[in-house]
Amino acid sequence: MSEPGETQKHAVTLPDEMPVMPLPGALLFPHALLPLYIFEPRFRKMLEHALTHHRMFCVALVRPDRPEWKTSADFFNVSTAGLVRVCVGRGDGTSNLILQGLRRVRFTSFIQEAPFPIARLEPLQSAVDGAIETDALGAKVLELYGRLKGSGRKLPAKVDRYLSDLGDPEMLADLVAATFISDPMRRQQVLEELSINQRLRLVIQYLREENGRASL
């Protein structure tokens with residue numbers, strides 16, 4: 001489930017280097033929450049590293065044409081840096097955690113690839129476009145979200161109220177994409193798009209295509 005976290009946008013200073021958790025079919029958006037179960041030995045080491053440093057790591061989407069990742073060439077280099085908000089360790093060495101998305105980043109190089117990747121990061125800045133068009137696109141996303149609610153796809157009440165009153169189109173696009181767009185490659189495209197207006201257009205397009213134009 002994705003919902004807004006408490007950390008303000010860009011309020012947390014990112015380190016220059018951060019561990020990376022490549023995952024098939026999963027990625028993290030800024031402002032969203034991602035529950036993770038850590039059980040593989042290499043990711044247990046990654047989590048231990050993160051918890052003893054900045055409590056941060058990135059989630060990267062494994063390229064769909066790669067059956068599994070072996071090197072940094074096997075996953076996308078645009079990701080989201082996340083903060084471990086809650087972590088519960090178990091007696092068998094596994095952990096359950098909640099990762100909160102902080103900011104888009106690009107991996108510029110890797111100082112380590114095994115047993116888990118550690119990347120040098122370039123924080124990415126969204127491009128602010130014309131305010132009038134941005135407001136209109138944001139209103140359309142909210143309209144589509146309202147129709148999804150009418151068909152029974154409703155977020156928890158707290159998040160629903162938050163989205164309905166949201167005046168930040170960048171956060172709106174990310175939270176709606178994180179929650180309602182299911183195709184990983186479409187989610188990755190939204191994540192990589194730095195123009196806020198184009199990001200909102202993609203969210204509108206994918207919401208319509210994945211949920212049926214007739215219903216939206």
Side-chain angles (χ1 to χ4, degrees), residues 1-5 7 9-10 12 14-88 94-124 126 171 173-194 199:
M1 179 184 68
S2 303
E3 61 182 88
T7 303
K9 182 164 61 174
H10 301 173
V12 177
L14 299 183
D16 295 330
E17 302 165 355
M18 198 175 293
V20 179
M21 185 178 189
L23 290 174
L27 63 158
L28 176 67
F29 279 89
H31 321 296
L33 301 179
L34 180 66
L36 292 170
Y37 174 55
I38 308 296
F39 62 93
E40 290 188 49
R42 57 186 173 178
F43 291 142
R44 293 186 200 180
K45 294 179 180 178
M46 179 210 70
L47 179 60
E48 180 181 3
H49 180 281
L51 293 178
T52 56
H53 289 77
H54 305 278
R55 295 183 66 86
M56 300 181 199
F57 64 90
C58 299
V59 172
L61 180 66
V62 175
R63 296 180 182 275
D65 58 339
R66 313 293 169 90
E68 61 182 21
W69 70 272
K70 295 180 180 179
T71 73
S72 57
D74 296 328
F75 53 84
F76 289 96
N77 71 341
V78 172
S79 172
T80 297
L83 174 69
V84 178
R85 296 303 300 262
V86 179
C87 183
V88 179
T94 64
S95 300
N96 290 94
L97 62 85
I98 300 292
L99 192 68
Q100 179 189 339
L102 297 177
R103 187 171 183 180
R104 284 170 169 81
V105 296
R106 178 179 288 111
F107 308 141
T108 59
S109 61
F110 289 84
I111 63 172
Q112 172 182 304
E113 297 225 10
F116 57 87
I118 297 179
R120 291 190 175 91
L121 306 180
E122 174 194 359
L124 298 178
S126 295
M171 193 180 297
D174 285 342
L175 287 175
V176 171
T179 305
F180 293 109
I181 296 176
S182 58
D183 181 81
M185 286 302 298
R186 288 177 167 180
R187 288 160 63 88
Q188 182 67 32
Q189 187 175 358
V190 173
L191 185 67
E192 292 185 5
E193 180 56 62
L194 296 184
R199 195 181 302 160

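In this chain, numbering begins with 1 at the start of the sequence shown.
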Nearest atoms (heavy-atom pairs only) where Q188 meets V78: NE2-O, 3.1 Å

Heavy-atom count check: over 12 atoms from other residues, nucleotides or ligands less than 6.0 Å from E40 CD? yes

Close side-chain approach of S95 and C87, heavy atoms under 4.5 Å: yes

Given L36 and L47, is the side chain to side chain contact (heavy atoms under 4.5 Å, CB included) satisfied, shown in steps? CA-CA 11 Å; L36 292 170; L47 179 60; over 6 Å; no

Does one side chain, of T71 or E113, offer a donor that lies under 3.5 Å from an acceptor on the other? no

Only counting residues at least two apart or in another chain, list the ones meeting side-chain hydrogen bond (donor to acceptor under 3.5 Å, both in side chains) with E193. none

Sub-4.5 Å side-chain heavy-atom contact between L194 and R104: yes

CD1-CZ distance between I38 and R44, expressed to the nearest 0.5 angstrom: 10.0 Å

How would you list, by chain and number, every residue that makes a side-chain hydrogen bond (donor to acceptor under 3.5 Å, both in side chains) with S182, sequence neighbours excluded? E210

Interatomic spacing from CG in L33 to CG in L97 - rounded to 0.5 Å: 11.5 Å

Could I get the full list of side-chain contact (heavy atoms from CB on, under 4.5 Å) partners for F39, not counting sequence neighbours? Y37, T94

Any side-chain donor-acceptor pair under 3.5 Å between R120 and S109? yes

Going by the side chain to side chain donor-acceptor pair (under 3.5 Å) test, which pairs reach into residues 14-28, not counting sequence neighbours? none

Using side chain to side chain contact (heavy atoms under 4.5 Å, CB included), reason through T80 and L34 one step at a time and then give a plain yes or no. CA-CA 11 Å; T80 297; L34 180 66; over 6 Å; no

Do V105 and M18 have side-chain heavy atoms sitting under 4.5 Å apart? no

To the nearest 0.5 angstrom, please state how far the CG atom of L191 sits from the CG atom of D174. 7.5 Å

Which heavy atom of P15 sits nearest to which heavy atom of M56, and what is that distance? CD-SD, 3.6 Å

Quick one: do R187 and L61 satisfy side chain to side chain contact (heavy atoms under 4.5 Å, CB included)? Show the steps, please. CA-CA 10 Å; R187 288 160 63 88; L61 180 66; over 6 Å; no

P19 versus M46, closest heavy-atom pair with distance: CB-CG, 3.6 Å

Qualifying ring pair (Phe, Tyr, Trp, His ring centres under 6.0 Å) pairs, either residue in residues 53-74, two or more places apart: H49-H53

Report yes if some heavy atom in the side chain of P41 is under 4.5 Å from a heavy atom in the side chain of F116; otherwise report no. no

Between R55 and V84 (side chain of the first, backbone of the second, donor and acceptor by atom type, cut-off under 3.5 Å), is there such a pair? yes

Does anything in residues 71-84 pair up under salt bridge (Lys or Arg N to Asp or Glu O under 4.0 Å), and if so which pairs, sequence neighbours excluded? R66-D74

Measuring only between side-chain heavy atoms, which start at C-beta, is E192 closer than 4.5 Å to L124? no

Could you give the distance from CG (L99) to CG (L83), rounded to the nearest 0.5 Å? 7.5 Å

At their closest point, which heavy atom of L28 faces which heavy atom of A32, and how far apart are they? CD1-O, 3.8 Å

Nearest-0.5 Å distance, CZ of residue F107 to CG of residue L121: 6.5 Å

CG-CD distance between D183 and Q189, expressed to the nearest 0.5 angstrom: 10.0 Å

Start with the C-alpha gap between V20 and S79, add the side-chain angles, then the distance that decides, and say whether side chain to side chain contact (heavy atoms under 4.5 Å, CB included) holds. CA-CA 9 Å; V20 179; S79 172; 5.7 Å; no

How about F76 and M185: do any of their side-chain heavy atoms sit closer than 4.5 Å? yes

